[in-house]
Each structure stands twice: as structure tokens, then as C-alpha cells.
Amino acid sequence: MLNALDCTDDAGISDVKKQIATMETALKNLEKQESKYSAELEDALKQYAELKAQAADVDAVELMDARLDIRPDRERSAADRVKVAYGDKYDPLMMYDSKRDVANLPMEEAEARSVREFLRKQHKLHGHEQQRKMKHDRER
């Protein structure tokens, strides 16, 4: 491209041609990287769309109920493993404190709060629908 300049009279032109060649090489490398990252982004967006579609089929209430059903067994299993690992040094009070600390983790509380909020919205939505239906029935 610009490297084809034929100006042999000026010594600075040689340096300019080298700089142009370096910039063109860098531009080609950038184009390759852009292509690579674009493909990765498209793949990630496809995966996100698939996961979002799967999540749309999940009922938050059923999921929370399933988690709550599983949790006691998982806690007992973890406690049993801790008892075995610590042997005589096992302290039930420390185990209780640990469970409380885990329950107070921001993620756990935020998730529980999110589910409660979802349930409130569902209840409110169904309440409004029932009120509209009752009003419609009265107007007949």
C-alpha cells in the first residue's frame, strides 16, 4: 500500500516505510484478534440465550422448594463429615455457629429475599386478577 512509495532521494523515507510496515502488521494482528474475539462473543451470546431459555422454563417457587427439601440432608451429610474429620475435637456449638454464619452470607440472604419478592409479586398479581374478575362479575 503506502510501502510502494518510491522516494529514494530522502533518507527519512526509509524510516517512514518501516513505520508504515510496522503499523500495517499491527493492524493485521488487531484484525485477527477482533475476528477471534467476535467469534468468542457470538459463542458466549448463544450460550447465554440457551441458558436464558432453559431458565424461563424453571419455576422459581418449585426450585426453592426443591432446594429446601434437599438442604437438611446436605447439612447432615456435611456435619457427619466434619464429625469424622475432627473426631473428639468436634464441637456442636461451633457447628451451629458455622451454619448460622453461612446462612447470613449475602448471597444466601439475597437469594431468599429475591424468592420472597417474586412470591409477593405473584401473590399481588393474582390478587389483582381476582379483584378484576370479581368486579367484572358484579358489573354483569
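Nothing here was measured: the structure is a model prediction, and the numbers come from that model.
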- Query: Below 4.5 Å, heavy atoms only, C-beta onward: do Gln54 and Val58 meet side chain to side chain?
  - Reply: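 Not in contact.
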- Is any side-chain heavy atom of Met23 less than 4.5 Å from a side-chain heavy atom of Gln19?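 Yes; the side chains approach each other to less than 4.5 Å.
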- Task: Salt-bridge test for Glu50 and Lys46: reply yes if a basic N is under 4.0 Å from a carboxylate O, no otherwise.
- Result: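 Lys46 and Glu50: not salt-bridged.
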- Message: Is there a salt bridge (Lys or Arg N to Asp or Glu O under 4.0 Å) between Glu24 and Lys28? Walk through the geometry before answering.
- Response: CA-CA 6 Å; Glu24 286 177 344; Lys28 287 178 186 176; over 6 Å; no
Please round to the nearest 0.5 Å and tell me the distance separating atom [atom1] of [X] and atom [atom2] of [Y].
| X | Y | atom1 | atom2 | answer |
| --- | --- | --- | --- | --- |
| Leu30 | Thr25 | CG | OG1 | 11.0 Å |
| Leu45 | Ser38 | CG | OG | 10.5 Å |
| Arg71 | Arg76 | CZ | CZ | 12.5 Å |
| Ile70 | Glu75 | CD1 | CD | 12.0 Å |
| Lys17 | Ile13 | NZ | CD1 | 7.5 Å |

- Query: Is there a donor-acceptor contact under 3.5 Å from the side chain of Thr22 to the main chain of Lys18?
  - Reply: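 Confirmed, Thr22 side chain pairs with Lys18 backbone.
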- Query: Can you tell me if Ser98 uses its side chain to pair, donor with acceptor, with the backbone of Met94 under 3.5 Å?
  - Reply: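 Yes: the side chain of Ser98 pairs with the backbone of Met94.
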- Message: Can you tell me if Gln33 has over 12 outside heavy atoms packed within less than 6.0 Å of its CD?
- Response: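 Atom CD in Gln33 is crowded, with more than 12 foreign heavy atoms closer than 6.0 Å.
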- Item | Exceeds 12 heavy-atom contacts within 6.0 angstrom, atom OH of Tyr90 |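 Atom OH in Tyr90 is packed in, count exceeds 12.
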- What about Leu68 and Val61, same hydrophobic cluster or not, with Ile/Leu/Val/Met/Phe/Trp/Tyr joined at side-chain heavy-atom distances under 4.5 Å?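 Leu68 clusters together with Val61.
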